[in-house]
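From a predicted model like this one, the values you see are computed outputs, not experimental measurements.
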Amino acid sequence: MVAVSAKQIFVNLPIKDLNKSVEFFTKIGFEFNANFTDESATCMIIGDNIYAMLLVEERFLSFIPKKISNAAETAEVIVALSVDSREQVDQIVQAALDAGGKHYNDPQDHGFMYGWSFQDLDDHLWEVSYMDLSAFPTEE
C-alpha cells in the first residue's frame, strides 16, 4: 500500500450568505484568494496549502447527492487549527466572538495544550489550539 501524502487541503463548507461570511472571517484576520472567488464561493486562506472553500448552499449542493446537515443541530466536523501561542488562540477566538461568532466551548488548558472554540455564522465548529511539545507529559 502507498502512504497518502497530500499536497494541499481544501475544506468545503456550506454557507448561507457569502458576503457576511467573508466579512466575518476577514474580521478574524483571514484572507481570500480572488482567483477562486465568485458570487457563490470563495477560497479562504488558512495557512500554507490549507484552505476553506466557503460555498453558498446551492453551490455546495451541486457537489453532493445528499442534503446539507443542519449545523445548528448536528456536528459533522470540527475544523481544528493549530497556532503558535496561547495568546494567538485567545486573539483569534475573541475576534470571532466580537465579529458575531457564537461561544462553543470555554478555554481548555491541559498544561501542554491550550485551546478554545467558536461557531461561525453558519454554526460550523472551529477549534483553535496551541501545543507546547516541550511540556508534553512523558513516561518515566
With clusters defined by side-chain heavy atoms of hydrophobic residues (ILVMFWY) lying less than 4.5 Å apart, directly or transitively, does [Y] cluster with [X]?
X   : Y    : value
L18 : I46  : yes
I50 : V77  : no
I9  : I45  : no
V83 : Y104 : no

Show the nearest heavy-atom pair for residues [X] and [Y], with the distance to one decimal.
X    : Y    : value
Q119 : H103 : NE2-O, 3.7 Å
P107 : Y114 : CB-OH, 3.5 Å
L121 : K20  : CD1-O, 3.4 Å
D38  : R59  : OD2-NH1, 3.2 Å
F30  : L81  : CZ-CD1, 4.0 Å
D84  : Y130 : O-CE1, 3.2 Å

Distance, nearest 0.5 Å, that separates [atom1] of [X] from [atom2] of [Y]:
X    : Y    : atom1 : atom2 : value
E31  : T42  : CD    : OG1   : 11.5 Å
F25  : I15  : CZ    : CD1   : 8.5 Å
E87  : I92  : CD    : CD1   : 11.5 Å
W126 : L13  : CH2   : CG    : 5.5 Å
N105 : S117 : CG    : OG    : 4.5 Å
E127 : W116 : CD    : CH2   : 13.0 Å

Can R86 and D109 be counted as an ion pair, charged N to O under 4.0 angstrom?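 So R86 pairs with D109 through a salt bridge.
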Any sub-3.5 Å donor-acceptor pair from [X]'s side-chain atoms to [Y]'s backbone N or O?
X    : Y    : value
D123 : N70  : no
H110 : M131 : no
D122 : H124 : no

Decide yes or no for Y51 and V11: does some side-chain heavy atom of the first lie under 4.5 Å from some side-chain heavy atom of the second?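 Heavy-atom side-chain distance check fails, nothing below 4.5 Å.
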Just wondering, are more than 12 heavy atoms of other shown residues or ligands nearer than 6.0 Å to CD in Q8?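 Enclosed.
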I need the single residue from F63, F60, F10 that forms a side chain to side chain contact (heavy atoms under 4.5 Å, CB included) with M53. Which is it?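 Going through F63, F60, F10 one by one, the side chain to side chain contact (heavy atoms under 4.5 Å, CB included) with M53 is satisfied by F10 alone.
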